[in-house]
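Only one structure is covered here, and it is reproduced in the block below.
Start at 1 with the first residue, then count along the sequence.
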Amino acid sequence: MSETNALLAELRVLPVVTALDVPSTLKLAAALQRGGMRAIEVTLRTPAALDSIRALKDAGSSLQIAAGTITDSGGMERALAAGADFLVSPGSTQALLQDAREGGALLIPGVSSASDVMLGLSEGYRCFKLFPAAAVGGLALLKSLAGPFPEVTFCPTGGLGPDNYLDYLALPNVLCCGGSWMCATALVENGDWQTIESLAQAAMQAVKED
C-alpha cells in the first residue's frame, strides 16, 4: 500500500476547515481531535489559513495537517513552509503534479473525470480527491471509474454530509472522505466546540460500526 493510501485508510474522514482566524482554528482542531479525528484539512481560502497551519504545528498538535486548495507550485511551497504534512488540490495540472512529485511532497490531486485520472496516472499518482464529488456524479461516477481504473483509490469531497458519507466509504475504491458538516462556519463563529466534538465523535463512531 502506498504512503498516501495508508494515510487515508487510517483517517477515513477528513474534516475540511475554513480558518476564520488562528485562535478559533486552534480551538476547532482541539474539538475535532477530542471527537476522534486524526487529521484536518485547512483550505487556503482565507488570510488566516497559513498562519493557522503554522500555529497548529508550533502548538505540537498530533493531528495530521493537510493544506487544501493547492492550485499551483507557489501555494504548495507556502503550505509546506508553514508545516503542512500533506497537500490536497481541487484539480490537477501537469506542472503541479510534477513539482509535487519532484519535490517529494505528499499530494492528493483533485480529479473530476476519467481524463483527469489518466493525467494523474501518467505522472505516477494512484490516489485522488474526487471534487466536487456530488456535483460530478458522486457514487455513480466512482463505481464507473472502478472498471477502467482498478488500481486507483479516491477521497471524495464536496456535497458529502452525515446522510451520505457512509455510502461513499462503503465503496471499495474509496479510502477516505472529506467534509465540513462537523466544522461548519456557523458552529465556529458561535464557539460551539461541544457540538463540533459531538459531530466528530458521531462520524468516527459510525465509521467503526459500519
Point to revise | Test side-chain contact (heavy atoms from CB on, under 4.5 Å) applied to L199 - qualifying residues, sequence neighbours left out | key: M182, L187, T195
Practice item. Using the side-chain hydrogen bond (donor to acceptor under 3.5 Å, both in side chains) rule, take N5 and T153 through it: C-alpha gap first, then chi angles, then the decisive distance, then the call. Key: CA-CA 8 Å; N5 280 10; T153 54; 2.9 Å; yes
Note, [X] side chain near [Y] side chain (heavy atom, < 4.5 Å):
| X | Y | answer |
| --- | --- | --- |
| M204 | R38 | yes |
| P132 | T157 | no |
| P90 | T71 | yes |
| L11 | M37 | no |
| F149 | M118 | yes |
| D58 | L56 | no |

About how many Å separate [atom2] of [Y] and [atom1] of [X], when rounded to the nearest 0.5 Å?
| X | Y | atom1 | atom2 | value |
| --- | --- | --- | --- | --- |
| Q98 | Q94 | CD | CD | 4.5 Å |
| L20 | T185 | CG | OG1 | 5.5 Å |
| I108 | F128 | CD1 | CZ | 11.0 Å |
| T25 | D51 | OG1 | CG | 10.0 Å |
| K143 | N173 | NZ | CG | 10.5 Å |
| D21 | K27 | CG | NZ | 9.0 Å |

Point to revise | Listed partners of S61 passing side-chain hydrogen bond (donor to acceptor under 3.5 Å, both in side chains), at least two apart | key: none
Check your understanding: Run the side chain to side chain contact (heavy atoms under 4.5 Å, CB included) check on L145 and V152 step by step: do they pass?
Key -> CA-CA 9 Å; L145 292 173; V152 169; over 6 Å; no
Smallest separation among heavy atoms of [X] and [Y], with atom names:
| X | Y | answer |
| --- | --- | --- |
| C183 | L28 | CB-CD1, 3.7 Å |
| T43 | A49 | O-CB, 3.3 Å |
| L160 | G178 | CB-O, 3.9 Å |
| P15 | A39 | CD-O, 3.1 Å |
| L106 | D85 | CB-O, 4.4 Å |
| A105 | M76 | CB-SD, 4.3 Å |

Practice item. Step by step, work out the side chain to side chain contact (heavy atoms under 4.5 Å, CB included) result for L107 and Y125. Key: CA-CA 9 Å; L107 171 69; Y125 293 83; 4.0 Å; yes
Under the salt bridge (Lys or Arg N to Asp or Glu O under 4.0 Å) test, which residues partner [X], sequence neighbours left out?
| X | answer |
| --- | --- |
| R34 | E197 |
| R101 | E123 |
| R126 | none |

hydrophobic_cluster_shared for [Y] and [X], side chain cutoff 4.5 Å:
| X | Y | answer |
| --- | --- | --- |
| V188 | V16 | no |
| F131 | L171 | no |
| L50 | L63 | yes |
| L141 | V117 | yes |
| I53 | L32 | yes |

Check your understanding: Under 3.5 Å, side chain of T46 to main-chain N/O of A19, donor-acceptor pair present?
Key -> yes
Practice item. Give a yes or no on whether the backbone of G110 and the side-chain of S89 come within a donor-acceptor separation of less than 3.5 Å. Key: yes
Exercise for review: Please collect all ring pair (Phe, Tyr, Trp, His ring centres under 6.0 Å) contacts where either partner lies in residues 157-210, sequence neighbours excluded, each pair once.
Suggested key: Y165-W181
Check your understanding: So, Q194 and S198: side-chain donor and acceptor under 3.5 Å apart, yes or no?
Key -> yes
Check your understanding: Stepwise, does the side chain to side chain contact (heavy atoms under 4.5 Å, CB included) test hold for L8 with F154?
Key -> CA-CA 9 Å; L8 293 182; F154 296 94; over 6 Å; no
Practice item. Apply the test side chain to side chain contact (heavy atoms under 4.5 Å, CB included) to residues D72 and L96: give CA-CA distance (whole Å), side-chain angles for both, the deciding distance (0.1 Å), then the verdict. Key: CA-CA 6 Å; D72 55 34; L96 180 62; 5.7 Å; no
